[in-house]
Amino acid sequence: MSYNFSESEKKWRQHWEEQGLYKTSRQKEGEKYYALTMLPYTSGDLHIGHWYAIVPSDARARYKRMCGYNVLFPMGFDAFGLPAENAAIKHNIHPGKWTYANVERMRKQLKTMGAMFDWDTEIITCDPEYYKWNQWLFLKFFEHGLAYKKYSPVDWCPKCNTTLAREQVVGEDRVCDRCDTPVGKRELNQWYLKITDYAEELLDFAGLDWPDRVKTMQTNWIGRSQGVEFSMAVKDHPETFPVFTTRIDTIFGVSFVVLAPEHPLVEKITTPEQAEAVKDYVHTATRRTEIERLSTAMEKDGVFTGAYAIHPFTGCELPIYIADYVLMSYGTGSIMAVPAHDQRDFDFARRYNLPIPLVIAPPEGINEPLEKAWTGQGKLVNSGSWSGLDNEEAAARLTADMEARGLGQAKVNYRLRDWLVSRQRYWGTPIPIIHCPTCGQVAVPEDQLPVLLPMDAEFRPTGESPLRFHEGFLHTTCPKCGGPAERETDTMDTFFDSSWYQYRYVSPHEDKYPFDPQEVERWLPVDQYTGGVEHATMHLLYVRFFTKAMRDMGLINISEPMTALYNQGIILGEDSEKMSKSRGNVIAPDNLVQQYGADAVRVYMMFMAPWELGGPWNSDGIGGVTRFLNRVWRLAAGEPSEQAPEPIAPEDFKGLLHKTIHRVTGDMESFKFNTMISALMEFSNHLAKHQGAEISETALWQQAIDALLLMLAPLAPVMTEELWHRRGHTESIHLQQWPKFDPEALIDKSVTIPIQVNGKLRDTITIGTSLDQEAVLRAAMSSAKISQALDNKNILKIIWIQDKLLNLVVK
RNA sequence: GCGAGAAUGGUGGAACUGGCAGACACGCUAGACUUAGGAUCUAGUGCCGCAAGGUAUGAGGGUUCGACUCCCUCUUCUCGCACCA
């Protein structure tokens with residue numbers, strides 16, 4: 001009788017649910033293990049990418065449980081966000097209705113996957129029960145000065161009709177992360193979270209088992225740069241302005257100064273003769289798109305303001321220009337230009353015929369006129385009393401000198417900006433602030449939380465927050481003075497929701513606090529987090545920031561939310577393109593499950609490539625996995641073999657078993673599911689070969705079959721459970737111990753040695769282990785192939801690597 | 001431009017600290033059992049060659065008894081950042 005997967009799947013799913021097999025025991029003793037996979041967005045149907053992210057994560061959680069850990073493996077839904085709203089507009093259905101219908105469908109699909117989620121811990125971020133605590137946390141941030149509202153130019157997606165965080169604007173074309181529409185700028189009053197307060201601490205990854213790639217991306221994103229900030233005086237003006245430089249060693253090479261066109265000083269210092277030109281330039285610069293302005297290909301232009309700055313050392317007059325290659329949003333919005341040693345300044349100087357004085361001499365000598373800026377190391381020249389010093393040393397001394405004379409100080413700048421969290425859309429958490437004409441920004445009192453998102457708002461995107469037009473929501477009274485006031489009508493970026501959800505999972509229905517502190521104490525940090533690398537500078541940065549901020553607000557006492565992180569790859573369509581509905585290359589797991597069974601789909605996705613690689617989907621190979629599972633079925637169900645049995649010595653068979661356990665365990669630990677499965681395939685191929693031989697009558701054989709099932713159980717939970725019970729066991733296979741290997745059994749008694757002559761393989765011999773060179777050489781000489789290869793030649797050298805290889809160097 | 005990573009049969013991919021390249025699969029070829037096969041089993045399958053043998057890990061060089069693995073140069077591809085002072 002062969003394996004009926006659909007029957008077994010139904011049976012065991014129901015059985016497990018009745019038994020509460022996957023409920024995480026809060027009481028259970030034993031070391032905790034918190035396994036977490038990024039929660040899915042409620043997009044509708046689970047696609048193969050969800051499976052690819054979740055299945056291996058589930059397999060590993062199951063494995064950890066078999067190793068004796070008390071495992072928490074929760075699942076939830078990222079349920080707020082724009083697609084719900086867009087779908088709602090398109091289909092004329094409420095976003096909430098759409099979302100909850102999707103949750104239903106996805107939960108059902110997740111169950112067919114056979115994952116060990118404890119559904120008691122489920123969270124849905126659009127539940128008031130959940131978002132109440134978003135608001136509560138927002139107010140904590142507000143209270144501690146970590147949430148503030150500011151008027152400034154922000155990134156605006158015209159299609160999504162909302163602002164975006166800097167992290168959500170991607171690529172050279174500066175498009176919206178969600179809809180690929182080019183993003184523009186708008187001057188708006190927006191809420192920010194002060195992530196920049198944590199810039200320095202976020203650079204510290206000590207103790208984090210995270211991929212280097214993610215650490216590098218975060219480091220670059222934070223963009224720490226060490227330099228000097230000093231102020232410059234303006235000739236015939238009372239004003240001074242600060243400039244930031246990382247190359248203070250080149251200070252004597254400054255030949256002009258540049259301000260960003262938006263710099264507040266521009267208006268004040270521009271001379272009447274230059275006023276017109278400056279005004280024109282500012283006008284064109286602001287009209288230029290961000291893309292044009294940031295394009296490195298664009299020729300640098302600018303205009304003279306007519307004013308001069310005073311060099312802090314030489315007292316020379318330096319013309320002040322404005323140019324849009326200087327950004328108001330970084331550093332001080334003004335720079336000292338050193339054309340000889342900065343390519344951008346060089347280009348600008350060339351164009352406007354400004355002097356290019358050399359102050360760092362390249363070691364290979366000066367080659368004037370310069371073809372391009374020299375940005376390397378060298379000795380200072382033309383730098384007054386500092387000439388002759390190595391530039392690095394000069395930088396240190398110049399900094400000290402400026403600090404001593406009160407001219408400037410060492411300073412660190414970061415590229416990281418504060419996180420813009422307000423959105424002008426409907427389907428999100430209302431920001432719990434009341435604007436009172438007399439009291440200003442007032443927090444909604446805790447006992448009035450949650451500020452409910454009204455279900456009857458008109459949410460068509462107009463570019464303004466839909467809640468602004470909901471009279472009932474908008475008008476309220478000030479909690480402080482009791483006077484009429486208005487509610488904040490922006491909603492939160494949905495990344496807010498996922499920045500702390502790992503804390504909520506441990507006590508999802510706690511109603512006095514965002515989480516039960518004791519449970520958090522017990523379960524956090526997450527031991528293993530898995531998810532896509534596309535979140536490297538968004539979610540994965542925010543979630544670290546939240547933990548640090550929450551720690552400083554006294555809510556928790558850990559500094560990092562996730563100890564270990566693993567990024568899986570992305571599954572592409574069969575055409576090697578990104579899967580999308582519009583391309584029509586989406587693979588539906590439901591069809592595959594129906595055709596091959598959930599176990600086969602699970603095993604196949606883990607077998608097809610290393611998990612971190614991903615790659616194009618190809619259903620052809622799934623047959624191989626089905627064959628493998630059928631073979632296991634026949635073996636474990638004791639169906640007679642069609643092959644002529646091949647005998648094997650019990651000690652060799654035992655070695656085979658324990659080597660397999662050793663390999664499989666190591667691979668499972670290091671996420672190498674593909675080689676792990678190939679080890680199990682090899683093992684089952686061996687078993688099939690020896691089935692019917694003497695060995696298959698022994699207890700050792702039965703042990704081997706059990707071990708095979710146990711090792712396969714995290715990958716193919718249904719079939720292994722079915723077989724486990726058919727083999728007479730009464731308790732679930734998923735409650736068993738992971739098989740252990742005997743280190744003694746891993747040691748071979750004999751070994752096959754390649755014999756090389758001049759590095760080329762001529763023969764192999766099988767000999768006992770731990771033999772010395774003499775004995776091996778004697779054995780090798782008795783081989784006809786070897787003696788033929790050695791004919792008429794002298795052995796010059798013998799390379800013998802113990803139990804590994806013999807190489808004879810001859811002439 | 002800067003940073004990170006990758007390149008191995010017809011395909012997906014193995015190869016631990018330098019030691020039998022191509023494990024495990026897919027596909028393909030031939031055969032067995034079959035009314036049938038998208039079931040099962042057997043044999044074969046990097047390339048050239050009837051064979052002995054030669055030759056092969058993007059290209060070229062180097063170190064070494066020995067290189068997919070280490071070093072240098074180059075090519076191609078993927079990803080991230082991109083006038084950050």
Side-chain angles (χ1 to χ4, degrees), chain A residues 2 170-172 174 211-221 223-225 227-229 243-247 250 258 260 293-298 300 323-327 329-338 341-345 347-348 413-417 533-534 536-537 570 604 607-610 612-613 615-628 630-631 634 641-644 663 666 670 672 674-683 685 688 752-764 788 796-801 804-810:
Chain A
S2 70
V170 296
E172 197 173 353
R174 299 185 54 75
D212 288 338
R213 186 162 48 142
V214 173
K215 292 194 270 190
T216 308
M217 280 168 72
Q218 292 201 350
T219 303
N220 293 342
W221 188 258
R224 183 186 203 275
S225 84
V228 175
E229 190 174 301
V243 296
F244 174 75
T245 179
T246 54
R247 292 297 306 273
T250 63
V258 187
R293 259 188 87 160
L294 291 177
S295 162
T296 36
M298 199 183 86
K300 284 162 190 49
D324 65 4
Y325 79 91
V326 173
L327 310 173
S329 52
Y330 182 79
T332 60
S334 47
I335 61 155
M336 62 175 219
V338 185
H341 305 291
D342 182 289
Q343 192 57 41
R344 297 155 296 176
D345 299 342
D347 296 342
F348 193 85
N413 251 313
Y414 301 93
R415 218 179 60 105
L416 183 72
R417 314 286 166 78
V533 73
E534 66 274 16
T537 56
I570 299 169
Y604 179 58
F607 178 65
M608 57 188 263
E612 76 267 22
L613 213 64
W617 178 265
N618 177 356
S619 298
D620 292 346
I622 202 163
V625 165
T626 304
R627 271 190 280 280
F628 161 61
N630 283 336
R631 173 170 296 145
R634 289 195 302 272
S641 160
E642 293 192 28
Q643 296 181 53
R663 277 172 69 186
S670 46
K672 292 184 193 153
N674 59 330
T675 49
M676 168 186 173
I677 292 164
S678 91
L680 290 174
M681 284 174 166
E682 280 181 63
F683 188 55
N685 288 346
T752 301
I753 303 285
I755 312 296
Q756 300 181 338
V757 175
N758 286 343
K760 284 189 180 161
L761 180 73
R762 293 300 168 189
D763 202 4
T764 61
Q788 189 193 342
L796 300 179
K797 200 170 171 186
I798 300 166
I799 314 281
W800 166 237
I801 311 294
K804 275 236 172 110
L805 162 140
L806 183 73
N807 185 13
L808 305 172
V809 184
V810 303

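Order of the sequence lines fixes the chain letters, A, B, ..., with proteins taken first and strands second; residue numbering starts at 1 for each chain.
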Just wondering, do [Y] and [X] contact through their side chains at under 4.5 Å, heavy atoms?
{"X": "Thr332(A)", "Y": "Glu229(A)", "value": "yes"}
{"X": "Phe607(A)", "Y": "Met681(A)", "value": "yes"}
{"X": "Ile335(A)", "Y": "Tyr325(A)", "value": "yes"}
{"X": "Arg663(A)", "Y": "Ser678(A)", "value": "yes"}

Over all strands shown, is [X] touching base, sugar-phosphate only, or nothing at heavy-atom distances under 4.0 angstrom?
{"X": "Thr537(A)", "answer": "nothing"}
{"X": "Asn413(A)", "answer": "nothing"}
{"X": "Arg762(A)", "answer": "sugar-phosphate"}
{"X": "Leu613(A)", "answer": "sugar-phosphate"}
{"X": "Arg415(A)", "answer": "base"}

Heavy atoms from other residues, nucleotides or ligands near CZ of Arg213(A) exceed 12 (cutoff 6.0 Å): no
Arg631(A): salt bridge (Lys or Arg N to Asp or Glu O under 4.0 Å) partners, not counting sequence neighbours: none
Who pairs with Asp342(A) by salt bridge (Lys or Arg N to Asp or Glu O under 4.0 Å), at least two apart in sequence or on another chain? Arg344(A)
Side chain of [X], heavy atoms from C-beta onward: which of [options] has the nearest atom to it?
{"X": "Glu682(A)", "options": "A23(B), G3(B), A85(B)", "value": "A23(B)"}
{"X": "Met681(A)", "options": "A25(B), C20(B), A85(B)", "value": "A25(B)"}
{"X": "Ile335(A)", "options": "C24(B), C20(B), A85(B)", "value": "A85(B)"}
{"X": "Phe607(A)", "options": "C83(B), A85(B), C24(B)", "value": "C24(B)"}
{"X": "Phe244(A)", "options": "C24(B), C83(B), A85(B)", "value": "A85(B)"}
{"X": "Asn220(A)", "options": "G3(B), A85(B), C20(B)", "value": "G3(B)"}

Closest non-hydrogen atom pair, [X] against [Y]:
{"X": "Val258(A)", "Y": "Val326(A)", "answer": "CG1-CG2, 3.5 Å"}
{"X": "Lys672(A)", "Y": "Thr675(A)", "answer": "O-OG1, 3.2 Å"}
{"X": "His341(A)", "Y": "Arg247(A)", "answer": "O-NH1, 4.3 Å"}
{"X": "Thr764(A)", "Y": "Pro754(A)", "answer": "CG2-CA, 4.0 Å"}
{"X": "Phe348(A)", "Y": "Ala323(A)", "answer": "CE1-CB, 3.7 Å"}
{"X": "Phe628(A)", "Y": "Leu680(A)", "answer": "CE1-O, 3.7 Å"}

By nearest-nucleotide position on RNA chain B, the 5'-leaning member of Arg224(A) and Thr216(A) is Thr216(A)
Please compare Gly624(A) and Gly223(A) by the position of their nearest nucleotide in RNA chain B and report the one closer to 5'. Gly624(A)
When the [atom1] atoms of [M] and [N] are compared, how many Å lie between them, rounded to an integer?
{"N": "A59(B)", "M": "U42(B)", "atom1": "P", "result": "37 Å"}
{"N": "A56(B)", "M": "C47(B)", "atom1": "P", "result": "16 Å"}
{"N": "C77(B)", "M": "U29(B)", "atom1": "C1'", "result": "34 Å"}
{"N": "C72(B)", "M": "U63(B)", "atom1": "C1'", "result": "11 Å"}
{"N": "A21(B)", "M": "G46(B)", "atom1": "C1'", "result": "10 Å"}
{"N": "A23(B)", "M": "C65(B)", "atom1": "P", "result": "31 Å"}
{"N": "G18(B)", "M": "G9(B)", "atom1": "P", "result": "24 Å"}

Interatomic distance where [atom1] belongs to [X] and [atom2] belongs to [N] [whole Å]:
{"X": "Arg213(A)", "N": "G5(B)", "atom1": "CZ", "atom2": "C1'", "result": "8 Å"}
{"X": "Glu612(A)", "N": "A6(B)", "atom1": "CD", "atom2": "P", "result": "10 Å"}
{"X": "Arg663(A)", "N": "C24(B)", "atom1": "CZ", "atom2": "P", "result": "9 Å"}
{"X": "Tyr604(A)", "N": "G13(B)", "atom1": "OH", "atom2": "P", "result": "10 Å"}
{"X": "Asp212(A)", "N": "G5(B)", "atom1": "CG", "atom2": "P", "result": "8 Å"}
{"X": "Met608(A)", "N": "G27(B)", "atom1": "CE", "atom2": "C1'", "result": "16 Å"}
{"X": "Trp221(A)", "N": "G3(B)", "atom1": "CH2", "atom2": "P", "result": "19 Å"}
{"X": "Lys215(A)", "N": "G5(B)", "atom1": "NZ", "atom2": "P", "result": "13 Å"}

Evaluate the side chain to side chain contact (heavy atoms under 4.5 Å, CB included) criterion for residues Met608(A) and Tyr604(A): first the C-alpha distance (whole Å), next the side-chain angles of each, then the deciding distance (0.1 Å), finally the verdict. CA-CA 6 Å; Met608(A) 57 188 263; Tyr604(A) 179 58; 4.0 Å; yes
Does G9(B) count as syn, meaning its glycosidic angle lies within 90° of 0, or as anti? syn
If you restrict it to nitrogen or oxygen atoms, what contacts under 3.5 Å exist between nucleotides 14-16 of chain B and the protein, and what is each distance?
from, atom 1, to, atom 2, distance (Å)
A14(B), OP1, Asn674(A), ND2, 3.3

Please state whether the phosphate of A25(B), meaning OP1 or OP2, lies under 4.0 angstrom from any side-chain nitrogen or oxygen of Asn618(A). no
Quick one: is A85(B) close enough that its OP1 or OP2 comes under 4.0 Å of any side-chain N or O from Ser225(A)? yes
Could you tell me whether the side chain of Asn413(A) and the main chain of Ser225(A) form a donor-acceptor pair under 3.5 Å? no
Give a yes or no on whether the backbone of Ile755(A) and the side-chain of Asp763(A) come within a donor-acceptor separation of less than 3.5 Å. no
Please tabulate, one pair per line, each protein N/O and nucleotide N/O from nucleotides 36-41 of chain B that are separated by under 3.5 Å, including the distance.
from, atom 1, to, atom 2, distance (Å)
A39(B), OP1, Arg627(A), NH1, 3.4
U40(B), O2', Glu642(A), OE1, 3.4
U40(B), O2', Glu642(A), OE2, 3.4
C41(B), OP1, Arg631(A), NH2, 3.1
C41(B), OP1, Arg634(A), NH2, 3.4

Would you compute the distance between atom OG1 of Thr219(A) and atom CZ of Arg224(A) and round it to the nearest 0.5 angstrom? 11.5 Å
Heteroatom pairs (N/O) under 3.5 angstrom, protein to nucleotides 64-67 of chain B:
from, atom 1, to, atom 2, distance (Å)
C65(B), O2, Asn807(A), ND2, 2.6

Please tabulate the protein-to-nucleotide N/O contacts below 3.5 Å involving nucleotides 68-71 of chain B, giving atom names and distances.
none

